[in-house]
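Chain letters run A, B, ... following the sequence lines, proteins first and then strands; every chain starts at 1.
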Number of protein chains: 2
Amino acid sequence: MNTSKHSRQRDAILEVLKSTKVHPTADWVYSEVRKTIPNISLGTVYRNLAKLSDENIIVKLGLGTSVEHFDGNPEPHYHVMCTECGAISDIESEPLKELNAWAEKLFKGEIYKHSAIFFGRCDECQK
Amino acid sequence: MNTSKHSRQRDAILEVLKSTKVHPTADWVYSEVRKTIPNISLGTVYRNLAKLSDENIIVKLGLGTSVEHFDGNPEPHYHVMCTECGAISDIESEPLKELNAWAEKLFKGEIYKHSAIFFGRCDECQK
DNA sequence: TATAATAATAGTAACAATTACTATTATTGA
DNA sequence: TCAATAATAGTAATTGTTACTATTATTATA
C-alpha cells in the first residue's frame with residue numbers, strides 16, 4: 001500500500017517542473033512556487049523533489065554542476081549545456097541504446113544504462 | 001611566463017593520482033598523501049587539485065555524484081560506475097566524436113564536446 | 001651563497017547546497 | 001467527527017569545498 005498523503009505543496013512543485021523547459025535548481029523551483037504559496041519552505045521543496053524523483057515522476061539530472069538540476073520530463077533523453085550562459089536544453093531523441101553494448105565490450109561486467117551531456121553554444125549566445 | 005613554484009605537496013598529490021585507478025575524491029587523496037606528508041592540509045589538496053585540473057594535467061570528473069572525483073589520466077575517455085559498490089572504472093577507448101555531429105542535428109547551436117557515464121555492475125559485484 | 005620577492009603552505013574560518021529535526025498542521029480512512 | 005499519521009514551516013546541523021592569514025619554502029638574481 002501507498003502511505004503517501006496528498007499535498008498542495010507537492011502538486012505546486014510538480015506543476016512548476018512540468019511547465020518549464022529550463023531544468024531548474026531547487027532554489028529556482030522554490031522562488032517560483034512561492035508565487036502561489038508564499039510561505040512554503042525550502043526544505044519542503046527539497047523533500048518533495050527527492051520524493052518525486054524516487055518515484056520516477058521527475059528526474060534529478062547529475063550534470064556535474066555544483067548545484068543539482070531537475071527535469072519534469074522523466075523520459076530518458078540527453079541534454080546540452082551552453083558553456084557561455086549555462087542554459088540546459090533537451091536533445092529531442094531517445095538515448096542511443098547501442099552505446100551500452102558498445103561499452104560493455106570494453107568493460108568487465110554488465111552495463112544497463114548511461115547518461116550523456118553535451119557542451120556547446122546555444123543559438124542565443126551565438127548572436 | 002609561468003609564475004608557478006614547485007612544491008613537494010603538489011608532487012605528492014599528482015603522484016597519488018597517477019598511481020591509482022580508483023578515480024578518487026579529494027578526501028581519499030588527502031588520506032593517501034598524509035602517509036608521506038602527515039601534516040599536509042586538506043586545503044592544500046583541494047587547491048592543488050584545482051590547479052592541476054586548470055592546467056589539464058588531471059581531470060575533475062563531473063559524474064553527478066555529491067562528491068567530486070578526480071582522474072590522473074587527462075586523455076578523454078568514458079567511465080562506468082558500478083551502482084552496487086560505487087567503483088568507477090575506465091572505458092579504454094577514445095570518446096565517440098561522431099556523437100557531437102549526431103547531437104548537433106538535434107540542437108539549435110554548436111556542440112563541441114560531450115561526456116558520458118555508464119552505469120552497470122562490475123565483475124566483483126556480479127559474483 | 002646570501003638575499004629579496006613572492007608562491008605555496010598549514011591551520012582555521014566561512015560558505016553554499018542540502019539534509020535532519022521538531023513542534024504544528026493537514027489529509028485520510030473509519 | 002475523530003483518531004492516526006504524513007506533510008509542513010521554520011530552523012539547526014551537516015557536508016563538501018573555498019577563502020583567509022600569518023608563516024614557510026622556492027626561486028631568480030646579486
Mind listing the closest non-hydrogen atom pair of I111(B) and E104(B) along with its distance? N-OE2, 2.7 Å

Partners meeting side-chain contact (heavy atoms from CB on, under 4.5 Å) with Y30(A) (sequence neighbours left out): D27(A), R34(A), I40(A), L42(A), V45(A)

For L106(B), enumerate each residue passing the side-chain contact (heavy atoms from CB on, under 4.5 Å) test, keeping only those at least two apart in sequence or located in another chain.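 By the side-chain contact (heavy atoms from CB on, under 4.5 Å) rule, L106(B) matches I91(A), S93(A), W102(B).
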
With ring pair (Phe, Tyr, Trp, His ring centres under 6.0 Å) as the rule and sequence neighbours excluded, what pairs involving residues 108-127 of chain B come up? H114(A)-F118(B), F118(A)-H114(B), Y78(B)-H114(B), Y78(B)-F118(B)

Which residue pairs pass the side-chain hydrogen bond (donor to acceptor under 3.5 Å, both in side chains) test when at least one of the two sits in residues 117-126 of chain A, sequence neighbours left out? R121(A)-E110(B), E124(A)-K127(A)

I'd like to know if the side chain of N73(A) and the backbone of E75(A) have a donor-acceptor N/O pair within less than 3.5 Å. yes

Do any N or O atoms from the side chain of H23(A) and from the backbone of H69(A) form a donor-acceptor pair under 3.5 angstrom?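 Absent.
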
Can I get a per-line list of side-chain donor-acceptor pairs under 3.5 Å for residues 12-19 of chain A, giving both atom names and the distance, sequence neighbours left out?
residue: K18(A); atom: NZ; partner: G72(A); partner atom: O; Å: 2.9
residue: S19(A); atom: OG; partner: E15(A); partner atom: O; Å: 2.9
residue: S19(A); atom: OG; partner: V16(A); partner atom: O; Å: 3.3

Interface limits on DNA chain C, where chain B has a heavy atom under 4.0 Å of a nucleotide atom: dA5(C) to dG11(C)

Could I get the full list of salt bridge (charged side-chain N to carboxylate O under 4.0 Å, His left out) partners for K35(B), not counting sequence neighbours? E32(B)

Taking only residues two or more places apart in sequence, or in another chain, which ones meet E94(B) in a salt bridge (charged side-chain N to carboxylate O under 4.0 Å, His left out)? K97(B)

Overall bend - the helix from dT1(C)-dA30(D) to dA30(C)-dT1(D), comparing terminal axes fitted on five pairs, nearest 10 degrees: 40°

Between protein and nucleic acid, restricted to nucleotides 14-17 of chain D and to nitrogen or oxygen atoms under 3.5 Å apart, what atom pairs and distances do you find?
residue: dT17(D); atom: OP1; partner: E68(B); partner atom: N; Å: 3.0
residue: dT17(D); atom: OP2; partner: Y46(B); partner atom: OH; Å: 2.5
residue: dT17(D); atom: O5'; partner: Y46(B); partner atom: OH; Å: 3.4

When the side chains of residues 52-62 of chain B are checked against the rest of the protein, which donor-acceptor pairs come out under 3.5 Å, sequence neighbours left out?
residue: S53(B); atom: OG; partner: L49(B); partner atom: O; Å: 3.2
residue: S53(B); atom: OG; partner: A50(B); partner atom: O; Å: 3.3
residue: E55(B); atom: OE2; partner: K51(B); partner atom: NZ; Å: 3.0

Does the side chain of L63(B) reach to within under 4.5 Å of the side chain of E68(B), using non-hydrogen atoms? no

Atom-to-atom span, CG of L49(B) to C1' of dT18(D) - whole angstrom: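 After rounding, the reported distance stands at 13 Å.
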
What parts of residues 4-23 of chain B reach DNA chain D, counting only heavy atoms under 4.0 Å away? K5(B), H6(B)

